[in-house]
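Heads up: the structure comes next, in structure tokens.
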Amino acid sequence: MKRIMLVCLTALAVSGFHPLCAQSSRSDFMADGKSLFEEVTGIKKKTDKFNLYLNMHGDFNMKWNDSGFDQGAFEMKQLRIEMKGDINDWLSYRYRQRLNRGNDGSGNIDNVPTSIDWAGVGIKLNKFSFFAGKQCASYGGIEFDLNPIEIYEYSDMIEHMSNFMTGLNVAYNYNPHQQIQFQVLNSLNGPSEDMYGDLERTKLPLVYTLNWNGNFLDVFKTRWSASVMNETKGEKMYYYALGNEFNFNPQWHAYFDWMYSREGVDRKGIITNIVGTDNQAHNAFNAEYMSYVLHVNYRFAPKWNLFAKGMYETASVYKASDEVEKGKYRTAWGYTGGIEFYPMESNLHFFLAYVGRSYKYTDRAKALGEDNFSTNHVSVGFIWQMPVF
């Protein structure tokens, strides 16, 4: 009977879904409740070899633009299934798939569909640990490492990044509070021409990342990284991120992220969309992006949390080429605020949130046909990393 119930629950979780992003959750500290399996069957789970989750972010979203009210509709912003576990004290695994993307990976360099975030095995040997397979890039930044269901609006920097790729991660915990990671991943999922255009491909499409995660008395935490990526032949991307988390007391929590990307060939596509033309054969050269993100939480009651976030970002060209002028082309601001309610001792919470974005173009961008614009939306909904088993 136990096996039948487990199969039914697993089938219910998997049916009708399509795979989404991330790593950890700032709500994990509340995730000590029973799984759905334990609640339904009354049977206590006695193993950590298999854990099954549904990651959900659903809401009713009302959107405005410069012309006025645009649309109001229900949507499932994030939906993914996740399985992970520790087989023994040195072997583990993790699998996560986004349930709202296609599953065709036949044209991808790693033969894995982009719907799959994680698919691999982990090995722990004393102070060293390894993870091989599809995984998240070990880029710095606190927000980058959060479970995407927790994010109401990403910065443009993260929104336009390729985050999940196949390769190897090596971590060294040189004390209980300090960790160094080195990671090498494919820099591409699909063909090079799909990402960059008709430029000659590199024969080693790899990205190398060095990451430092620090914890100072659980008050100040760091997630810093430096990365270099082979883009096309002779062109590289350099990416740096400094994530800083502050836990002032049980009520106040904040993080501040700085991110910078210098791209020989525009990987994110923002500059290309500004300076490009319909018949352009490849992405723009020499793109530069800078991003600042500040997020603050105030837990003013055990079950209630207020939050606010501000974002400032720039998009520029650091060296003229192909008749594209050097200089800044766009500045973007983002502002988010709202309230969350946690009804149980789990990470289930309901929210009311506002997100505003404003984009300002420089004269050189306006000469190419761009114009300033802004967007706003209000959403009410729920977020839950539901423990199925």
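FYI, side chains are in, hydrogens and waters are out, and symmetry mates aren't considered; it's all heavy atoms of this structure.
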Going by salt bridge (charged side-chain N to carboxylate O under 4.0 Å, His left out), name the residues that satisfy it together with [X], two or more places apart in sequence or in a different chain.
X      : value
Lys134 : none
Glu159 : none
Lys124 : none
Glu288 : Arg262

Exercise. What's in the same ILVMFWY side-chain cluster as Leu217, cut-off under 4.5 Å, chained through other members?
Worked result: Val219

Problem set entry | With Ser374 via side-chain hydrogen bond (donor to acceptor under 3.5 Å, both in side chains) - residues at least two apart | Asp66

Exercise. Tyr95: what forms a side-chain hydrogen bond (donor to acceptor under 3.5 Å, both in side chains) with it, not counting sequence neighbours?
Worked result: Gln97

Side chains of residues 183-192: which donor-acceptor partners sit under 3.5 Å, not counting sequence neighbours?
residue: Gln183; atom: OE1; partner: Ser138; partner atom: N; Å: 2.7
residue: Gln183; atom: NE2; partner: Gln135; partner atom: OE1; Å: 3.0
residue: Gln183; atom: NE2; partner: Cys136; partner atom: O; Å: 3.1
residue: Gln183; atom: NE2; partner: Ser138; partner atom: OG; Å: 3.4
residue: Ser187; atom: OG; partner: Pro205; partner atom: O; Å: 3.1
residue: Ser187; atom: OG; partner: Leu206; partner atom: N; Å: 3.4
residue: Ser187; atom: OG; partner: Asn230; partner atom: O; Å: 3.1
residue: Asn189; atom: ND2; partner: Phe164; partner atom: O; Å: 3.4

Exercise. Do any pairs count as a salt bridge (Lys or Arg N to Asp or Glu O under 4.0 Å) and have a residue in residues 224-240, sequence neighbours left out, and if so which ones?
Worked result: Glu200-Lys233

Problem set entry | Pair listing, ring pair (Phe, Tyr, Trp, His ring centres under 6.0 Å) test, anchored in residues 56-87, at least two apart | His57-Tyr152, His57-Phe351, Phe60-Phe74, Trp64-Phe69

Going by atom type alone, with no hydrogens or angles, which donor-acceptor pairs under 3.5 Å involve a side-chain atom of residues 359-366 and a protein atom two or more places apart or on another chain?
residue: Tyr359; atom: OH; partner: Asp156; partner atom: OD1; Å: 3.4
residue: Tyr359; atom: OH; partner: Arg357; partner atom: NH2; Å: 3.4
residue: Thr362; atom: OG1; partner: Lys328; partner atom: O; Å: 2.8
residue: Arg364; atom: NH1; partner: Lys328; partner atom: O; Å: 2.8

Problem set entry | Residues forming a side-chain contact (heavy atoms from CB on, under 4.5 Å) with Ile151, sequence neighbours excluded | Glu143, Leu146, Tyr154, Lys309

